[in-house]
Amino acid sequence: MGGGAELRPVTRPGPGLRVARLVTELTAPAVLVSLLIFTVSWHSARRTGHGLAWGLLATLFVTGIPFAYIVGGVRRGRLTDHHLGRREQRRVPLLIGLGSVTAGLALLTALDAPRPVVALAVAGLIGLVVTVTVSHWWKMSIHSAVAAGTLVILALIFGGGLLFAAPLLALVGWSRVRLRDHTVPQVLAGAAIGALIAGVVFGLLR
């Protein structure tokens, strides 16, 4: 796998571009993962209040701290954008995320968090390890990986009927290609890896 050239800028403005930007923002990894954490926490906790507490704690370490670092990097000019559009800028933020998720996982385990919440954190940790490794050579789509993993985990929790939403993954992938942030192979690889990690890791540990 080669490093590949950056695909920006987009040269065809129009309604499709605005839709692609909206889809990209709504399905950003930090958004989907945060919603998934609260869903899993609520579903696995016996009391609503407990589910909210576990959700807040897990979200702080899994998405809060890493995203705060990225936003800070964008404001200081160290990072181009909060989607980490340039492959060479991904390594440090992803390593920060890896450290934060590891710390969060240790804390969740020590506090005896519900098993599905811990399983979700483990899946996220492994996903980050894979992403850090692949991103050294290739710009795999994190959006597609997280979207596919989210769908698989929700299907494991609430039933396979949720897989009817699978076509939405194509919409996410289209938005990333339309914005010229990724190629089709990068989108497909991200979706495949995200679904595999979610299915195997979360499926076994939950």
Side-chain angles (χ1 to χ4, degrees), residues 16 19-64 67 83 101 104-105 108-109 112-131 134 140-179 181-182 184-206:
V19 173
R21 286 173 176 162
L22 178 62
V23 171
T24 281
E25 293 300 331
L26 292 178
T27 61
V31 174
L32 290 185
V33 172
S34 296
L35 291 175
L36 182 61
I37 289 173
F38 277 103
T39 300
V40 172
S41 299
W42 168 79
H43 185 265
S44 60
R46 294 182 178 180
R47 298 180 182 177
T48 303
H50 289 175
L52 178 62
W54 289 122
L56 287 171
L57 179 61
T59 300
L60 172 64
F61 285 94
V62 176
T63 60
F67 191 66
H83 293 303
V101 174
L105 176 59
L108 289 168
T109 302
D112 196 25
R115 190 176 181 89
V117 178
V118 175
L120 183 59
V122 174
L125 181 64
I126 293 176
L128 276 171
V129 170
V130 172
T131 302
V134 173
M140 182 182 74
S141 174
I142 300 176
H143 272 74
S144 293
V146 171
T150 296
L151 181 60
V152 169
I153 289 172
L154 290 177
L156 287 172
I157 294 175
F158 297 106
L162 281 176
L163 292 177
F164 78 90
L168 292 177
L169 297 179
L171 181 62
V172 176
W174 166 81
S175 74
R176 306 307 290 146
V177 174
R178 177 65 179 84
L179 293 174
D181 280 315
H182 291 286
V184 172
Q186 290 168 347
V187 164
L188 294 177
I193 291 175
L196 179 64
I197 291 174
V200 173
V201 179
F202 185 82
L204 290 176
L205 297 181
R206 70 190 180 102

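Just so we're clear, the structure is a prediction, and the values are computed from it rather than from any experiment.
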Quiz prompt | Shortest non-hydrogen contact between Leu162 and Phe158, atoms and distance | solution = CD1-CB, 3.7 Å
Quiz item: Tell me, do Ile193 and Met140 make a side-chain contact under 4.5 Å, heavy atoms counted?
Solution: yes
Exercise. Give the minimum heavy-atom separation between Ser44 and Pro116, together with the two atoms involved.
Key: CB-CG, 3.6 Å
Practice problem: Applying side chain to side chain contact (heavy atoms under 4.5 Å, CB included), name anything that partners Ala191, two or more places apart in sequence or on another chain. | Solution: Ser144, Ala148
Quiz item: Roughly how far, to the nearest 0.5 Å, is the OG atom of Ser41 from the CG atom of Leu120?
Solution: 7.5 Å
Practice problem: Report the distance from atom CG of Leu151 to atom CG of Leu32, rounding to the nearest 0.5 Å. | Solution: 10.5 Å
Quiz item: Which heavy atom of Ala30 sits nearest a heavy atom of Thr63, and at what distance?
Solution: O-CG2, 4.0 Å
Quiz item: About how many Å separate CZ of Arg21 and NE2 of His83, when rounded to the nearest 0.5 Å?
Solution: 10.5 Å
Quiz item: Hey, are the side chains of Leu36 and Leu154 touching, using non-hydrogen atoms and a 4.5 Å cut-off?
Solution: yes
Quiz item: Rounded to the nearest 0.5 Å, how far apart are OG1 of Thr27 and CG of Leu171?
Solution: 7.5 Å
Quiz item: Distance-only, no hydrogens or angles: does the Thr59 side chain make a donor-acceptor pair with backbone N or O of Leu56 under 3.5 Å?
Solution: no
Quiz prompt | side-chain contact (heavy atoms from CB on, under 4.5 Å) between Ile37 and Val117, intermediate numbers included | solution = CA-CA 7 Å; Ile37 289 173; Val117 178; 5.6 Å; no
Quiz prompt | Check: Thr24 main-chain N/O paired with His143 side-chain donor or acceptor under 3.5 Å | solution = yes
Determine all donor-acceptor pairs shorter than 3.5 Å in which one atom belongs to a side chain in residues 195-206; sequence neighbours excluded.
residue	atom	partner	partner atom	Å
Arg206	NH1	Leu156	O	3.3
Arg206	NH2	Leu156	O	3.4

Quiz prompt | Atom pair OG (Ser141) and CZ (Arg176), whose distance is rounded to the nearest 0.5 Å | solution = 6.0 Å
Quiz item: Between Ile142 and Pro29, which heavy-atom pair has the shortest distance, and what is it?
Solution: CG2-CG, 3.7 Å
Self-check item: Heavy-atom closest pair, residues Val101 and Ala121
Solution: CG1-O, 3.8 Å
Practice problem: To the nearest 0.5 Å, tell me how far Leu26 CG sits from Leu35 CG. | Solution: 10.0 Å
Quiz item: Given side chains that start at C-beta, do those of Leu108 and Trp54 come closer than 4.5 Å, heavy atoms only?
Solution: yes
